[in-house]
Amino acid sequence: MNTRSLFLQHVAQTSTAPLALEIVKAEGCQMWDVNGKEYLDVIGGISVANVGHRHPAVLAAIKEQLDAYLHVMVYGEFVQSPQVQYAKALTDHLPATLNSVYFTNSGAEAVEGAMKLAKRVTGRVEIVAFQNSYHGSTQGALSIIGDEYWRNAFRPLLPGIQHLPYNSFEALESITENTACVIAETVQGEAGIIAPKQAWMHALRHRCTETGTLLILDEIQAGFGRTGALWGFEKVGVVPDVVLLGKALGGGMPLGAFIADRSLMYQLTDNPVLGHITTFGGHPVCCAAGLAAFNALLNQGLVNGVLKKSALFEQRLKHPQIKAVRSFGLWLAVAFESFETCKRVIDRCIANGLITDWFLFAPHCLRLSPPLTITEDEIENACAIILRSLEKER
Ligand SMILES: Cc1ncc(COP(=O)(O)O)c(C=O)c1O
């Protein structure tokens, strides 16, 4: 039996129609399948490969760490240099109050840890999240995602959750002295790139401060330059109490983090001690890889090129079938009239050598979140393929 058939038989499936491409190599913005066909990747493993696939510095850091040690102890007990160095580098590039890093295995685990931290710090149980937000698939994260279709089959979920409309000023009144935390994506990704109103983000920050509620910003997709700033919250001029990172954080290896002031984090040491436990969170190889990717992102000045590249996508993606293009940095949603059209275009793009996808809560939108290393020529090529894939739609 070939690998594809074995995949369908023995690897648990969560969709009746997985892409099932058999990729044998990835480098930069390119991937190759088992038949030698080359693809241009414009989704970067869903906003993971911000410095491109297999960045040489990331590979070197992984190899160096392999020669030293792999897993040696559960999170937080041993001093592990890759963790320490990465925590220092991240906090050096974050506002002063975001100075203590808890490394996790995934984005969802960072969400879980942050919600627990908020309950522990405030002694409150209510949580506010937003409609059409995505925060992950574990039970706590699922409880706060803002779409009933995805939650319904898994009830009962966490109690005390309210979902407010994103960008609504009136809704902020629902945040009270009983609210432990508000969790928001800085930019709503899976909703199809919905940008926050700057004034609303300020009002949200103000309301949280006024009510003693922790503001948690989920930058799991928005972070690491995707928006045209290193952190998305810089674009809106607010500083959260907790920031959530994941995806590009590990440079292609699994890693998440929740980051807060050490006075808040310290509360995880007591009553109960070991307030959040994880065996593999902050794995030394993942931290070494992540640190190398972070340094590459900074040293190559990749964030500076984001807005120009995004503008080029917008200029080129003009077609009667394209109803709108929403963008926030190198993160674009190309809207069609229906999911069916979008799906046909995506399938044709893949057949034509371009890897793209749709959004969970905006299935009529085609996703663009390429490595930030993508060149102008590659953008021209990607847009030409999308436009060609649309021709048959007329
Ligand atoms: C904004 C956001 N938060 C959280 C998550 C969950 O991260 P993970 O899939 O690593 O659990 C995702 C994943 O897509 C995400 O986009």
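Just so you know, residue 1 is the first one in the sequence shown, and it goes up from there. Read the numbers this way: they start at 1 and go in the same order the structure lists the ligands and their atoms.
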From the list Ile374, Asn381, Ile355, side chain to side chain contact (heavy atoms under 4.5 Å, CB included) with Cys29 holds only for Ile374
Taking non-hydrogen atoms only, is His135 closer than 4.0 angstrom to ligand 1 via side chain, backbone, both or neither?
backbone
Neighbour count >12 (heavy atoms, 6.0 Å) for atom CZ, Arg388
yes
With the side chain counted from C-beta on, respond yes when Lys235 and Phe328 share a heavy-atom pair under 4.5 Å apart, and no when they do not.
yes
Can you check whether Gln221 has an N/O within less than 3.5 Å of an N/O in ligand 1?
yes
Tyr134 neighbourhood, listing ligand 1 atoms whose heavy-atom distance to it stays under 4.0 Å
1 (C), 2 (C), 3 (N), 5 (C), 12 (C), 13 (C), 14 (O), 15 (C), 16 (O)
Is the shortest side-chain N to carboxylate O distance from Asp347 to Lys343 below 4.0 Å?
yes
Geometric N/O contact Ala108 with ligand 1, under 3.5 angstrom
yes
Do ligand 1 and Glu190 have nitrogen or oxygen atoms that lie under 3.5 Å from each other?
no
Is the shortest N/O to N/O distance between Gly136 and ligand 1 below 3.5 Å?
no
re atom 3 (N) of ligand 1, the protein heavy-atom contact at minimum distance is Asp218 OD2, 2.7 Å
Ring-plane angle category for Phe233 and Trp231, please: parallel below 30°, perpendicular beyond 60°, tilted otherwise.
parallel
Residue pair Ile220, Val111: steps toward the side-chain contact (heavy atoms from CB on, under 4.5 Å) verdict:
CA-CA 10 Å; Ile220 288 167; Val111 171; 4.1 Å; yes
Could you tell me which atoms of ligand 1, counted from 1 in the order shown, lie closer than 4.0 angstrom to a heavy atom of Gly107?
7 (O), 8 (P), 10 (O), 11 (O)
NZ/NE/NH1/NH2 to OD/OE distance under 4.0 Å, Glu22 and Lys37:
no
Does the protein put a heavy atom less than 4.0 Å from atom 9 (O) of ligand 1?
no
Any N/O pair Lys247/ligand 1 closer than 3.5 Å:
yes
